[in-house]
2 protein chains.
Amino acid sequence: MSRERVLRAAVRIADEGGIRALTMRRLAEEVGAEAMSLYYHVANKEEVLDGIADAVVEEINDVVGRIDVPSQGAGWKTAVRRRILSAREVLLRHPWAPGVFESRTTMSPAVLRYHDGLVGLMRDGGFSNDLCHHALHALGSRALGFTQELFDPGDAAGGDDASALEGMAAELPHLVGMFMEVAHDDPGSTLGWCDDQTEFEFGLDVILDGLDRLR
Amino acid sequence: MSRERVLRAAVRIADEGGIRALTMRRLAEEVGAEAMSLYYHVANKEEVLDGIADAVVEEINDVVGRIDVPSQGAGWKTAVRRRILSAREVLLRHPWAPGVFESRTTMSPAVLRYHDGLVGLMRDGGFSNDLCHHALHALGSRALGFTQELFDPGDAAGGDDASALEGMAAELPHLVGMFMEVAHDDPGSTLGWCDDQTEFEFGLDVILDGLDRLR
DNA sequence: ACCTGAACACCGTTCAAGT
DNA sequence: ACCTGAACACCGTTCAAGT
């Protein structure tokens with residue numbers, strides 16, 4: 001057993017059963033030992049969570065490190081866009097990762113390296129350091145490829161049929177009106193009428209276009 | 001005891017001691033009963049969390065419901081901006097709320113009502129239903145007044161002194177360079193060199209300006 | 001109708017003891 | 001140096017029993 005093996009086992013458990021499946025006892029089982037043995041290799045569960053978050057961002061750094069597109073001048077936008085969408089691809093393989101990122105208080109060195117590269121691309125595009133700083137905040141978690149979907153307007157009514165919508169129309173006229181028209185325009189997407197990837201890219205492009213205008 | 005009293009006590013506990021202080025046993029104590037009595041009024045802890053999330057959004061709806069600014073045509077942006085910044089003010093009084101929102105799977109009626117109003121303002125501004133839909137996704141949690149701060153670039157080095165930065169310069173040249181220049185420009189803000197409110201408004205305006213151009 | 005005591009199945013973690 | 005058994009202090013929750 002080693003710290004490395006423990007963390008790899010932890011990632012495996014979270015990938016397969018979600019983050020709630022990751023308990024110290026389950027982790028020990030996966031690694032073939034008793035729960036108490038883990039504490040010889042990691043200080044506590046928080047350190048395990050720090051470790052698997054870091055592992056995912058390292059995976060992202062590996063992927064984006066192999067990207068080779070020009071980032072000088074106007075090319076910054078394509079380069080940044082590509083970087084962020086690549087990070088997103090990795091994240092989609094570890095759906096638990098955003099939640100763990102958000103619960104971390106200490107900062108991962110890997111996250112710092114990721115953002116360092118991002119700033120580098122923006123500098124290539126002619127951003128001032130001040131604008132880079134604002135840009136990091138404006139992107140927020142979107143820089144790493146995910147956004148907080150507070151609620152999916154589609155899920156609200158998607159589960160029930162159209163008749164449920166009628167009942168809500170009195171209380172939620174604008175939302176129901178919006179839903180009915182968007183669903184009508186795109187009747188094909190019955191299951192989840194919002195394409196998460198499309199919406200992610202729409203929001204990303206709004207921000208990138210806005211930043212481009214400011215540089 | 002009543003469901004109402006239980007939820008109010010739960011909000012009080014979370015406000016004072018954070019969401020981790022909110023346990024069923026602590027909640028029972030606050031309400032002057034045994035833990036098991038709670039289960040007569042709420043099904044389980046999840047329902048308590050649903051309830052306090054809903055209570056906060058109701059508080060937001062109360063506040064934004066009293067806003068009265070013109071939203072026709074170009075006025076939409078001011079109206080939406082005002083609405084979102086008002087929601088943010090409420091959220092700042094309940095710092096635990098964003099975390100609870102994110103953990104909800106069922107959708108709160110109050111959140112639906114909030115977004116219904118938001119769509120109403122955008123329709124006043126001449127948005128198509130399709131653009132409203134994209135806009136809701138682009139804003140994401142920012143619509144309710146918060147963003148996921150994945151990491152605060154300032155916190156990274158803010159704790160240590162400038163010498164720690166020197167050590168990181170080799171590995172994080174762009175980030176350290178950015179930090180040194182931004183900190184130099186604004187030496188007053190030693191404690192948290194990023195003004196969260198300013199950064200929130202910057203990101204919000206990038207998105208609102210982008211949407212305005214698309215309407 | 002409303003509350004409770006005792007108990008269960010789970011956590012993360014400590015600590016003294018093993019090899 | 002590495003692992004473990006027994007135990008502790010906490011969870012959320014059930015259920016039969018009280019008033």
Side-chain angles (χ1 to χ4, degrees), chain A residues 1-56 94-106 108, chain B residues 1-56 94-106 108:
Chain A
M1 182 162 36
S2 70
R3 189 189 146 86
E4 195 65 21
R5 274 192 60 207
V6 168
L7 293 180
R8 256 201 298 272
V11 170
R12 214 179 314 132
I13 292 170
D15 284 345
E16 285 167 13
I19 198 64
R20 293 190 58 179
L22 180 59
T23 69
M24 295 302 269
R25 283 168 170 85
R26 173 76 185 82
L27 179 53
E29 187 189 340
E30 180 82 9
V31 88
E34 298 300 316
M36 308 76 201
S37 309
L38 297 173
Y39 289 86
Y40 190 82
H41 298 95
V42 297
N44 47 37
K45 188 174 180 178
E46 280 298 290
E47 204 175 287
V48 174
L49 295 175
D50 284 342
I52 60 175
D54 207 74
V56 170
H94 306 290
W96 48 269
V100 175
F101 290 161
E102 287 152 23
S103 69
R104 299 305 83 200
T105 55
T106 65
S108 154
Chain B
M1 180 161 37
S2 71
R3 190 189 143 87
E4 196 65 20
R5 273 192 61 207
V6 168
L7 293 180
R8 256 202 298 273
V11 169
R12 214 179 314 133
I13 292 171
D15 284 345
E16 285 168 13
I19 198 66
R20 294 191 56 178
L22 180 60
T23 69
M24 294 302 269
R25 284 168 169 86
R26 173 76 185 83
L27 179 54
E29 187 189 340
E30 180 82 10
V31 88
E34 297 302 314
M36 308 77 200
S37 310
L38 297 173
Y39 289 86
Y40 190 81
H41 299 94
V42 299
N44 47 36
K45 189 174 180 178
E46 281 297 289
E47 204 174 288
V48 174
L49 295 175
D50 284 342
I52 60 175
D54 206 75
V56 169
H94 306 290
W96 48 268
V100 175
F101 290 160
E102 288 152 23
S103 69
R104 297 308 84 201
T105 55
T106 64
S108 154

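Per chain, numbering begins at 1; letters A, B, ... match sequence-line order.
- Per the geometry, CD belonging to A/E46 stands 13 Å off C1' belonging to C/dT13, to the nearest Å.
- Spacing between atom CE of A/M24 and atom P of C/dT13 amounts to 6 Å, rounded to whole angstrom units.
- Mapped onto DNA chain D by nearest heavy atom, B/T23 and A/Y40 fall at different nucleotides, with A/Y40 at the one closer to the 5' end.
- Atom CD of A/E29 and atom C1' of C/dC11 are 15 Å apart (whole Å).
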Exercise for the section: Decide side-chain contact (heavy atoms from CB on, under 4.5 Å) for B/M24 and B/M36; before the verdict, give the C-alpha distance in whole Å, the side-chain angles of both, and the deciding distance to 0.1 Å. Expected result: CA-CA 8 Å; B/M24 294 302 269; B/M36 308 77 200; over 6 Å; no
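- The OH atom of A/Y39 sits 20 Å away from the C1' atom of D/dA1 (whole-angstrom rounding).
- Note that the CG atom of A/L27 and the NZ atom of A/K45 stand 9.0 Å from one another [nearest 0.5 Å].
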Completion exercise
For DNA chain C, the dot-bracket notation using Watson-Crick and G-U wobble pairs below 3.5 Å, [ ] for pseudoknot-type crossings and | for other-strand pairs, is ||.|||||...|||||.||
Polar atom pairs between nucleotides 7-9 of chain C and protein, under 3.5 Å, N or O only, would you list them?
none

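- Across the interface with DNA chain C, nearest-nucleotide mapping of A/R26 and A/A43 shows A/R26 to be the residue nearer the 5′ end.
- None of A/R12, A/R5, A/R25 except one satisfies the side-chain hydrogen bond (donor to acceptor under 3.5 Å, both in side chains) rule with A/E30; the exception is A/R12.
- In this structure a side-chain-to-backbone donor-acceptor pair under 3.5 Å is present from A/N44 to A/E47.
- Salt bridge B/R8/B/E4: present, at least one basic N to carboxylate O contact under 4.0 Å.
- Taking atom NE2 of residue A/H41 and atom C1' of nucleotide C/dT13, one finds them 17 Å apart after rounding to whole Å.
- Per the geometry, CG belonging to B/L38 stands 14 Å off C1' belonging to D/dC11, to the nearest Å.
- In this structure, A/K45 places its NZ atom 8 Å from C1' of C/dG12, rounding to the nearest Å.
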